[in-house]
Amino acid sequence: MPRLYPIEKTRNIGIIAHIDAGKTTTTERILYYTGISYKIGEVHEGTTVTDWMPQERERGITITSAAVTCFWTQSYLKQPETREERIKGEYKINIIDTPGHVDFTAEVERSLRVLDGAIVVFDGVQGVEAQSETVWHQADKYKVPRICFINKLDRIGADFEFCLKSIEERLTKDFALITLPIGQEKDFKGVIDLISMKEVYFEGERGEKVIYKEIDPSRKNEAENWRHIFLEKLAERDEEFMEKYLANEFNEIDIRQAIRRQVLNYNFIPVYVGSALDNKGVQLLLDGVVDFLPSPIDLPSPRGIDPLTNQEIERKPTDDEAFSALVFKIQVDPYVGTLSYVRVYSGILKAGMTVLNTTTGETLRIGRIARMHANHREEIEELFAGDIGTIVGIKTLKTGDTLADPKKPIVYEKIEFADPVIWMKVEPKTKADQEKMGLAIKALVDEDPTFKLSQDPDTGDTLIGGMGELHLEIKVDRLKREFNVEVNVGKPQVAYLETVTKESVAEGKYIRQSGGRGQYGHVWLKVEPLERGKGFEFVNAIKGGIIPDNFIPSVEKGVREAMEKGVLAGYPIRDIRVTLFDGSYHEVDSSDIAFKIAGAIALQEAVKQGNPILLEPIMKIEVVIPPEFLGDVTGDLSSRRAKIEEVFDRGMSKVIRAKVPLAEMFGYVTVLRSLTQGRGTNMMEFSHYEPVPQNLSQVIIQNFNLTKSK
Ligand code: GDP
């Protein structure tokens with residue numbers, strides 16, 4: 001079947017926001033107005049349509065990214081009446097759900113990678129909040145063009161001018177208001193569209209009828225003022241429009257085209273206002289998605305590596321190019337099995353075709369393909385370039401895998417995820433749980449690359465690792481709900497690291513020559529500190545073949561393995577550069593294994609001489625509290641070794657920003673609740689590693705030696 005929707009009428013977008021800003025509600029209204037969602041469900045009733053897991057509904061947060069498809073014709077145009085008219089006029093919008101909680105930024109990054117544009121939702125009372133900032137910077141990193149929505153203007157305390165100010169102070173100056181609220185709080189009635197200079201009202205049971213009216217004379221002046229600000233800002237950024245603007249010869253189409261150009265250039269961000277819950281303003285936001293956010297061909301062509309030549313290559317996002325796609329999400333659906341969400345970058349994915357997983361080298365036959373809508377799944381035959389859908393029933397795919405035409409392979413850059421900063425022991429409650437536990441955890445690990453499974457080499461305990469306490473709690477909760485596996489959990493353990501503080505050299509020898517064929521590996525390594533967070537570098541400085549090339553990878557392998565168990569307290573060694581600069585070999589006795597062991601011996605020895613220290617994960621935290629609790633909360637934070645960086649007002653609340661060692665923060669949610677009579681909230685996210693203070697590090701090392709000698 002040919003394509004119904006040309007690629008230039010496709011939008012792949014995400015909705016990103018601070019938790020509670022109203023992302024879920026806005027998504028729902030979008031799905032409702034686009035005609036796919038028949039019944040609107042409020043979050044607190046637990047019937048949202050993009051959320052899949054019961055616990056997301058209960059906690060009211062979105063953890064996984066699902067992708068749903070919907071269709072839209074701009075509200076200011078004549079609405080289609082027949083199917084043909086619809087298909088001709090409509091745009092296809094794929095909404096990639098981005099998670100709202102800060103513990104899951106890896107998932108946010110992953111979804112940002114596959115989307116072309118985003119709606120950023122702000123709470124009209126709170127303005128820019130901590131996570132809005134984090135996500136904003138991530139969107140900058142991935143160069144995602146965006147439009148903004150100031151939501152909740154119906155709420156008491158709503159203040160769009162305060163929000164604009166906080167955007168200007170904390171995010172960007174390249175924006176302008178393009179819809180102006182008519183009233184605020186309980187008087188919020190509708191908006192003035194500053195492009196068409198019309199008042200817009202949303203009538204019908206759910207605001208589904210969009211009514212354009214002339215501007216009331218009493219509001220004319222204010223609207224003119226805001227339009228003036230908006231057009232000036234736009235003209236400053238768009239030369240073509242500037243000329244028309246100065247000559248005073250422009251129409252709505254000129255304005256829209258100029259906005260589109262500058263949104264795509266990252267020079268301008270249109271800001272909409274509304275209230276998703278109160279059914280106001282969402283349709284204009286959808287017009288903005290269609291009018292201003294990019295289609296897949298508006299962006300630079302995707303680039304990846306040709307695995308045959310190791311050269312960077314480019315793929316055009318067209319149907320007649322060779323097929324390539326990126327897997328960005330795995331979901332295990334209890335009814336249909338494994339769903340792998342893919343974005344097709346080039347060519348066409350067809351049911352029944354054979355593709356190469358260029359990340360693993362595995363060849364796969366694609367069985368079924370489906371498209372997810374708000375409330376149903378649609379089986380389809382083909383997925384065209386630029387589109388998003390799911391492959392059904394293939395269990396071996398992982399997030400980040402590239403799929404490609406076997407004759408024209410390409411590997412898209414793999415997404416890099418941080419290592420866990422926290423580990424926890426899990427134990428099945430019953431024998432029945434024991435059998436299911438391993439498989440269930442594995443399914444969760446496959447979905448989330450920041451969630452890890454491991455085994456304590458000494459005790460044999462099963463350990464799960466992640467990016468924070470809440471992250472692990474949610475996984476344990478899912479084990480119970482989705483997989484019916486009950487587990488007992490141990491105390492969370494901090495994932496410390498070890499590193500060196502000065503350069504050192506050491507020799508590693510593994511020589512056994514007792515009759516027959518012996519073993520001979522001999523290396524000299526230099527180990528030096530690397531910048532924090534850089535991990536590991538291996539440099540081969542061997543000259544003149546004093547160690548033959550074919551043994552060098554074995555030395556590196558030995559070094560890597562030895563790095564997994566440090567010399568102070570058994571924690572992994574990181575942030576070091578290891579240079580192999582000398583050694584020797586034996587014609588007959590040298591082997592891979594001998595060089596591997598020699599590498600490991602030298603590494604451990606060099607680290608011991610390099611003044612090793614322990615590193616601990618430091619978290620970024622933002623605590624929001626009523627002002628009367630400020631003293632208690634900062635006092636408590638200081639006793640947890642926190643460095644308080646900033647305290648400021650946000651609306652009626654005080655906001656504290658600090659950096660604090662993860663080791664001091666277990667159970668903090670409960671502590672904060674009791675310190676603030678339940679009114680404080682906090683958000684924590686991994687920031688970086690820092691040396692553990694001397695006295696504490698001695699305790700950690702002593703404890704390690706104690707358990708070891710037991
Ligand atoms: P998310 O965490 O960003 O997905 O936010 P939700 O959509 O779950 O909304 C968080 C809370 O704010 C819920 O209780 C919503 O009912 C409420 N909410 C969302 N949008 C609005 C709005 O426009 N006005 C008001 N007053 N409340 C809203």
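Order of appearance sets the numbers: ligands from 1, and atoms from 1 within every ligand.
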Where Arg146 and Val120 come nearest, the two heavy atoms and their spacing: CD-CG2, 3.9 Å
Any side-chain donor near an acceptor of the partner, Ser75 and Tyr212, under 3.5 Å: yes
Main-chain N/O of [Y] paired with [X] side-chain donor or acceptor, under 3.5 Å:
X	Y	result
Lys92	Trp72	no
Arg155	Glu185	no
Lys329	Ser340	no
Thr179	Val273	yes

Below 3.5 Å, N or O to N or O, backbone or side chain included: is there any such pair between [X] and ligand 1?
X	result
Thr26	no
Gly22	yes
Asp278	no
Leu277	yes
Arg155	no

Atom CD of Gln677 with >12 non-hydrogen neighbours under 6.0 angstrom: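 Atom CD in Gln677 is not packed in, count stays at 12 or less.
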Numbering as shown, the atoms of ligand 1 that approach Lys23 to under 4.0 Å (heavy-atom distance): 1 (P), 3 (O), 4 (O), 5 (O), 7 (O)
Interfacing atoms of ligand 1 (cut-off 4.0 Å, heavy-atom, His18):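 Under 4.0 Å from His18, ligand 1 has these atoms: 3 (O).
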Ala21 touching ligand 1 at heavy-atom level, < 4.0 angstrom: yes
Per-residue contact class, Asp154 against ligand 1 - non-hydrogen pairs under 4.0 Å: side chain
Side chain, backbone, both or neither: the part of Ser275 lying under 4.0 Å from ligand 1 by heavy atom: both
